[in-house]
Amino acid sequence: MNPFYLLSKSMQKKIWDMKWGRFTPIQEMVIPTIIHTNKDIVISSGTASGKTEAAFLPILTLIESTAGQSLKVIYISPLKALINNQFERIEKVSEHIHVPIHRWHGDVDQGKKKKFIQSPAGILQITPESIESLFVNRTEHIKRIFSDVEFFVIDEIHSFLDTERGVQLRSLLSRIENYCKNRPRIIGLSATIDNFDFIRSWINYCNTDNVEIIVSPGNDKELNYSLMHFQNDESFKKPVVFFEDLRELTRESKSIIFCNSRGEVEETTVFLNRLAKRENVGETYYAHHSSIDKQEREYVERTIANSSAPKSVVATSSLELGIDIGEIELVVQVDSTFTVSSLKQRLGRSGRKKDTNQYLQLYTTNQDSLLQSLAVMELLLEKWVEPSVGYPVPYDILFQQIVSICQEHNGITEIELINNLKGNHVFYFLPTEEIRMLIHHMINYDFLELINGSKELIVGLDGERILRDKDFYSVFMTSEEYEVVNGAKKIGQLDKKWLINEGDNIILAGKLWTIQGIEESKGKVYVTAAVNANPPRYFGDGSKIHSKISEKMHEILCSDEKFRYINKEALNELNDLRKAYHLNNIKSQQRVLWKQRDSYYFEGYTGTKIARTLVWMLRSFGVQVKKYDEFGRLEVTSSIYLLGTLEQITQKEWREEELIAFTREEEFFQSKYSALLPQELYMKMHILHEIDINGVVAFLKNIQIIVITMD
DNA sequence: GACCTGCTGCGGGTTG
């Protein structure tokens, strides 16, 4: 049966009015499943395949007769921008059917929020953090608001699977369920995902069979791609010819140029605009990243979306998720992404229009990046992406949620609290003794307080301090920043860890500035225009590379594959890297230990987690690791023979705890609330997030180590 | 050698 006839009369009329030709394949599959079954559903398909409508046409059909009276659907988005975007899309579909739609996030004004609280109905579009704020600040209303909810729609659900933010969200959904007459169905909208089992249990561990995953048939778009290498100089500066080539490439097309850091975005934007100016073209390249003022960013998004001229945006992963910037013809990636899924997501931003193809240009500017880019691209072509693994033992989020739950209940006994957590979808599996240990720790440190003859728990004084801070609602870490202003105009932000002085020249938002003054108390930096400047530095986490990427890099070193999509300079560099490997006829299951006088270089080419664990194991045997990188390449200077130690590592019975003494401060796990946990629970988090003993042993057993002496 | 994401309520005043 044509899914059209499954929809309500008003939805059918709406589709007529919008002059839709036909449903997309994903819509044809999803509509009957929502209407005819009671299942949770994950809709996995590329951008612009009509996922939102696939979910909302049938949902509106099911709820339209009663949606005027109470809240039926909670739509959750990781981005405020996406809420604003989708608001218009959903409003369009539900125009004439009296289903109210409400937006709720940090930028929505109080009046609108008040109105919703007074008469909650229809659809609520909200962020995880704003759900948290409802539990904390609107406690007396939540029962009334949530009781009739029938659907949770989670947009970009893949972005929640492996993150602390996802743990928080899933906990919040559990807490909402406690107030619902019936358990709401979960509909997830996702880019391509792997590891179906994991996403099923993320949605409903009690009944994974009831989660249907609907994957759209792959698109028939042709992918055009190539890689160009421009070796940087000794001071790691990108050569001018690289920028000239990039200018040439983007002169006639609308493109996104992805860089790996905010500083590179700034540098690239300024350089490209200088080249464009030489051709008497006006501003053509726009910078986009999180430390550029929001208004400026929105201006850039609009300019790119509405421009018919070939303008381009230079961005970090800030433009990776679904923010609408119109049709993009070309995606450029400067140096390798850290994950395959990131490259896939970025490339999906081009060729969205019907009958257009996808164009991807990779640039590399150093040898590692070349090798890594090839590895990532090859894995993408093999259709591999990093599988979801979740966020293990989330005691840090448990800490935050306990504060929030105590606030929600305004007095709860320890037994009730534990029962509540045991019924929570993300905490149920944590041992009761450990939950109790955390609660008692929180009482001891005044995060919680016992009242009513020590029977009931409320938020303690130090808990209040955390709870009343506006920083409470999000669970991810952020760094402190200065606000940069030019007169009354906000330009963006600078990382406080980066030491600046008056008179320094910086690039921000693609423009050059001189720092005129720093007002520490207000956290403000005052700037005026300059003619010459350097990009600022921002500080982030280290990178964790999946084993599969490192292994692929090693495989490429061993092979003599020419890769038809790379230029001559890239092939020359690659052959240069391969020389020693080819000369010694190294095979892909082998790993080389290069010996040079008193130094040993072991090129492990394995994942970052395994590499670090290996380093700690080596240190425990007294081997001094001088340097190591995220691909497991390490340098050792030691009289102890490394080979023997590696052998011993595979034979020993390891306990994770014994590696802790050999871990440097900066190598420990860290998250927003991790420092507030009892030591024992914190170490559990560290162990499960950072240590992989079985991984190291399996890695060492699967490889054959070849010792080569270099002189 | 990184990147991204988010965020009180209330009362009292002014403005459209």
Visitor: Side chains of A/E603 and A/H554: any donor to acceptor distance under 3.5 Å?
Guide: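 Looking only at side-chain atoms, A/E603 and A/H554 do not form any donor-acceptor pair under 3.5 Å.
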Visitor: With a strict under 4.0 Å distance from non-hydrogen atoms of chain A, what nucleotide opens and what nucleotide closes the contacted stretch of DNA chain B, reading 5' to 3'?
Guide: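 Range of nucleotides within reach of chain A: B/dG1 to B/dG9.
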Visitor: Take the angle between the ring planes of A/F668 and A/H686 and call it parallel below 30°, perpendicular above 60°, tilted in between.
Guide: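 A/F668 and A/H686: tilted rings.
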Visitor: Under 4.0 Å, counting only non-hydrogen atoms across every strand here, what does A/R138 touch: a base, just sugar-phosphate, or nothing?
Guide: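 Sugar-phosphate, no base atom in range.
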Visitor: Once you apply a heavy-atom cut-off of 4.0 Å, does A/Q372 come out as touching a base, just sugar-phosphate, or nothing?
Guide: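 The answer is base, as A/Q372 lies within the cut-off (heavy atoms under 4.0 Å) of a base atom.
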Visitor: Side chains of A/S290 and A/Y538: donor-acceptor distance under 3.5 Å anywhere?
Guide: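 Side chains of A/S290 and A/Y538: no pair found under 3.5 Å.
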Visitor: Need one value for A/R633: base, sugar-phosphate or nothing, where a base atom within 4.0 Å counts as base even if backbone is also close, heavy atoms only.
Guide: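 Nothing, no nucleic acid heavy atom in range.
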Visitor: Need to verify one output field. Residue with the more 5' nearest nucleotide on DNA chain B, A/L319 or A/S336?
Guide: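 The residue mapped nearer the 5' terminus is A/S336.
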Visitor: Base, sugar-phosphate or nothing for A/D629? Non-hydrogen atoms, less than 4.0 Å.
Guide: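 No contact.
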Visitor: Using a 4.0 Å heavy-atom cut-off, does A/F631 contact any base of the nucleic acid, only the sugar-phosphate backbone, or nothing at all?
Guide: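 Since a base atom lies under 4.0 Å of A/F631, the category is base.
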Visitor: What's A/S130 touching, base or sugar-phosphate or nothing? Going by heavy atoms closer than 4.0 Å.
Guide: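 Sugar-phosphate contact only.
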Visitor: Parallel, tilted or perpendicular: which describes the rings of A/F146 and A/F135, with under 30° parallel and over 60° perpendicular?
Guide: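 The rings of A/F146 and A/F135 sit tilted, inter-plane angle from 30° to 60°.
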Visitor: Base, sugar-phosphate alone, or nothing: which one does A/E132 contact when heavy atoms must sit under 4.0 Å apart?
Guide: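 Result for A/E132 = nothing.
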Visitor: When you check the side-chain N and O atoms of A/Q125 and A/S77, is any donor under 3.5 Å from an acceptor?
Guide: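 Short answer, no.
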Visitor: Answer yes or no: is there an ion pair linking A/E690 with A/K544, defined by an N-O contact shorter than 4.0 Å?
Guide: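 Yes, charged N to carboxylate O under 4.0 Å.
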Visitor: 5'-most contact on DNA chain B: A/S291 or A/R468, nearest heavy atom basis?
Guide: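 Closer to the 5' end of DNA chain B: A/S291.
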